[in-house]
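In listed order, ligands and their atoms are each counted from 1.
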Amino acid sequence: MPRTVSLAVIPGDGIGPEVVAEALKVLDAAVGAAAPDVVFDKVEYRLGAGRYLDDGEVLPAAEFEQIKSADAILLGAVGGTPNDPRLAGANIERGLLLKLRFELDHYVNLRPTVVYPTVESPLRDPGDVDFVVVREGTEGPYVGNGGNIRSGTPHEIANEVSVNTAYGVERIVRFAFGQASARRGKLTLVHKTNVLTFAGGLWKRTVDRVAADFPDVAVDYLHVDAATIFFVTDPARFDVIVTDNLFGDILTDLAGAISGGIGLAASGNINPDGTFPSMFEPVHGSAPDIAGQQKADPTAAILSVALLLEHLGLTDASAKVSAAVRDDIATRTGARPTAEIGDAISRLVLNS
Ligand SMILES: NC(=O)c1ccc[n+]([C@@H]2O[C@H](COP(=O)([O-])OP(=O)(O)OC[C@H]3O[C@@H](n4cnc5c(N)ncnc54)[C@H](O)[C@@H]3O)[C@@H](O)[C@H]2O)c1
Ligand SMILES: CC(C)[C@H](C(=O)O)[C@@H](O)C(=O)O
Ligand SMILES: [Mg+2]
């Protein structure tokens, strides 16, 4: 009996559909080559800013229920041009993307960074860079715990309060220790404990306590501002970084930039207990400035497929995708259209 995997596909807006088309090409190639007994049953959902502008819907309940029952989700990118007034009432990011992450309890936002030896990194000599940011995905300043008074007046007061629970911090910290233990045994907590003493204190105490269960892991701490220095001057020092939702968001765009471009940065929004489907997506957004021009690098979406395959236990297929990306990057000389990159990586997968 073939195994069937139901995959919800949300191409989204801007470059989202362009990069997802290439990611699916590579997925099909990898599954054909390394997991021929697995059938991917893909269902596409047209969600995002474009859909909202068409019919006013952000995430209809019926579609959400279907997505929730899938085995996994592949997402391109959602959102329009930043600050487009037509989207002000919708808040696609919160109403769609964050709703999926929160409702599907994607408390692990896993964002790996590798600087491939031949890649054009803006760093002159990045060294052997291979780290993973374990970003908390369901708490922090992202929860919408805020409000304002006297809106629009010179006396407006706006609050956006970060929520950090002992339960939420402990589960992400434990996951990060597990990752470090399986990798090179080094965990760096990144926070801002010198100023955010309440939230930072909880994170620091949790790391110190959980450390006792992982004697094989060496623990380090950096304030987030200092961490940005080391991302540029010595990124090879990192193995696993654990941090909150907002710091993790910012650090992983920087990680993408140092690794040779945001078009290379993949991510997994993971529900480790498997109660809900995990969601895989590039770190980048819908890039309205280059949309529709075949200028987007689909590698981040393709590497997100590698994370998806690994999550589903299809490790050979996942390894083929990662190896094909590595080989493609090794021969890159200049800009290529989006589809050409997807075709080249698919060929490498099939020939491996
Ligand atoms: N996961 C998501 O769906 C997601 C993530 C980030 C931003 N967004 C949304 O996307 C929209 C645009 O956001 P932004 O401009 O801040 O960030 P962005 O990541 O879309 O773009 C930032 C810069 O990176 C470039 N870039 C991004 N992806 C690229 C790729 N694959 N290849 C080559 N260049 C690439 C863009 O051209 C742009 O110059 C906003 O609506 C934002 O909210 C969505
Ligand atoms: C679009 C936005 C809500 C999202 C985030 O902040 O998490 C994005 O920047 C990301 O990194 O996935
Ligand atoms: Mg981001």
Side-chain angles (χ1 to χ4, degrees), residues 9-23 45 47-53 58-59 73-88 90-102 106-111 113 120 122 133 135-144 160 243-257 259-270 279-304 325 329 332 334-342:
V9 180
I10 306 173
D13 301 303
I15 63 169
E18 294 171 62
V19 298
V20 162
E22 303 316 309
Y45 296 86
L47 296 167
R51 167 79 180 270
Y52 174 76
L53 292 175
V58 177
L59 182 54
I73 305 164
L74 178 67
L75 183 137
V78 298
T81 307
N83 305 317
D84 180 342
R86 295 172 308 158
L87 298 168
N91 198 339
I92 304 297
E93 288 79 356
R94 192 171 280 292
L96 175 54
L97 188 65
L98 296 186
K99 177 158 178 171
L100 290 170
R101 290 184 188 162
F102 287 4
H106 293 154
Y107 71 84
V108 175
N109 192 325
L110 197 67
R111 298 189 156 189
T113 294
E120 250 183 69
V133 175
R135 169 188 174 189
E136 203 290 322
T138 55
E139 298 195 343
Y142 273 64
V143 298
E160 200 84 46
T243 192
D244 93 339
N245 213 339
L246 181 59
F247 296 146
D249 175 47
I250 298 165
L251 287 175
T252 52
D253 264 21
L254 180 55
S259 77
I262 193 67
L264 298 177
S267 84
N269 300 282
I270 295 171
M279 178 166 80
F280 299 84
E281 56 167 332
V283 168
H284 64 70
S286 58
D289 54 339
I290 57 166
Q293 300 168 48
Q294 284 284 303
K295 284 185 178 165
D297 187 342
T299 308
I302 292 168
L303 285 172
S304 300
V325 165
I329 286 175
R332 285 187 187 188
R336 284 178 298 170
T338 308
E340 222 173 88
I341 300 176

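The protein non-hydrogen atom at the shortest distance from atom 31 (N) of ligand 1 is D297 O, 2.9 Å. Protein heavy atom closest to atom 20 (O) of ligand 1, with residue, atom name and distance, is A287 N, 2.8 Å. Distance from atom 38 (C) of ligand 1 to its nearest protein heavy atom, with residue and atom name: D289 OD2, 3.3 Å. Shortest contact from atom 43 (O) of ligand 1 to any protein heavy atom: E93 OE2, 2.4 Å. Shortest contact from atom 15 (O) of ligand 1 to any protein heavy atom: P82 CG, 4.2 Å. Taking atom 18 (P) of ligand 1 as the reference point, the nearest protein heavy-atom neighbour is G285 N, 3.5 Å. When hydrogens are left out, the protein atom nearest atom 44 (C) of ligand 1 is V78 O, 3.0 Å; that is the closest non-hydrogen contact. Closest protein heavy atom to atom 27 (C) of ligand 1: I262 CG2, 3.5 Å.
In this structure, the side chain of N245 engages the main chain of E139 through a donor-acceptor pair within 3.5 Å. With hydrogens and angles ignored, the 3.5 Å screen pairs a side-chain donor or acceptor of Q294 with a backbone N or O of A339. Side-chain atoms of E120 do not come within 3.5 Å of backbone N or O of G260 as any donor-acceptor pair.
For ligand 1, the atoms sitting less than 4.0 Å from at least one non-hydrogen atom of A77 are 3 (O), numbered in the order shown with element in parentheses. The ligand atoms of ligand 1 that sit less than 4.0 angstrom from a heavy atom of I290 are 33 (C), 34 (N), 35 (C), 37 (O). Close approach to E281 involves these atoms of ligand 1, each under 4.0 Å from a residue heavy atom: 1 (N), 2 (C). The contact set between ligand 1 and L97, taken as ligand atoms under 4.0 Å from a residue heavy atom, comprises 1 (N), 2 (C), 3 (O). Close contacts of ligand 1 with A296, meaning ligand atoms under 4.0 Å from a residue heavy atom, involve 32 (N). Atoms of ligand 1 found under 4.0 Å from any heavy atom of G263 (numbered from 1 in listed order, with element): 30 (C), 31 (N). Ligand 1 places these atoms under 4.0 Å from at least one heavy atom of G80: 11 (C), 40 (C), 41 (O).
If you check the side chains of E136 and T138, you find a donor sitting under 3.5 Å from an acceptor.
Summarising the geometry, atom CD1 belonging to I290 is positioned 7.0 Å from atom OG1 belonging to T338; distances are rounded to the nearest 0.5 Å. Remark: I329 CD1 to L303 CG distance equals 6.5 Å, nearest 0.5 Å.
Ligand 1 has no nitrogen or oxygen under 3.5 angstrom from a nitrogen or oxygen of P288.
Contact annotation: V283 has at least one heavy atom less than 4.0 Å from an atom of ligand 1.
Dense packing is recorded around CZ of R94, with more than 12 heavy atoms of other residues, nucleotides or ligands lying under 6.0 Å away. Within 6.0 Å of CG on D289 lie more than 12 heavy atoms contributed by other residues, nucleotides or ligands.
Using a 4.5 Å heavy-atom threshold, the side chains of I262 and V283 count as touching. Within the 4.5 Å cutoff, the side chain of Y142 has heavy atoms near those of the D249 side chain. Looking at I10 and L100, their side chains come closer than 4.5 Å, going by heavy atoms from C-beta outward. Two residues are said to be in side-chain contact when any heavy atoms from C-beta on lie closer than 4.5 Å; H284 and I15 meet this criterion. Using a 4.5 Å heavy-atom threshold, the side chains of E160 and L246 count as separate. Considering only heavy atoms from C-beta on, V78 stays 4.5 Å or farther from L47 through its side chain. Within the 4.5 Å cutoff, side-chain heavy atoms of R332 are placed close to those of I341.
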Between L53 and L87, does the side chain to side chain contact (heavy atoms under 4.5 Å, CB included) criterion hold? Intermediate values first, please. CA-CA 8 Å; L53 292 175; L87 298 168; 3.9 Å; yes
| said: side chain to side chain contact (heavy atoms under 4.5 Å, CB included), that's the test. Do I92 and L97 meet it? Break it down for me. | reply: CA-CA 7 Å; I92 304 297; L97 188 65; over 6 Å; no
| So N109 and R101, side chain to side chain contact (heavy atoms under 4.5 Å, CB included) or not? Walk me through it. | CA-CA 9 Å; N109 192 325; R101 290 184 188 162; 4.0 Å; yes
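Excluding waters, the set of protein N, O or S atoms lying under 2.8 Å from the Mg ion (ligand 3) comprises D249 OD1.
In this structure, atom 23 (C) of ligand 1 has its sub-4.0 angstrom surroundings free of protein heavy atoms. Closer than 4.0 Å to atom 40 (C) of ligand 1 lies at least one heavy atom of the protein.
Neither the backbone nor the side chain of T299 has a heavy atom within less than 4.0 Å of ligand 1. Counting heavy atoms closer than 4.0 Å to ligand 1, residue I15 contributes side-chain atoms (C-beta onward) but none from N, CA, C or O. Contacts with ligand 1 closer than 4.0 Å are made by heavy atoms of both the backbone and the side chain of H284.
If you look at ligand 2, the protein residues with a non-hydrogen atom under 4.0 Å away are E93, L97, R101, R111, R135, Y142, D249, V283.
Exactly one residue among P298, S304, P11, S286 makes a side-chain contact (heavy atoms from CB on, under 4.5 Å) with V19. That residue is P298. A side-chain contact (heavy atoms from CB on, under 4.5 Å) with H106 is found for exactly one of N269, L98, I270, namely N269.
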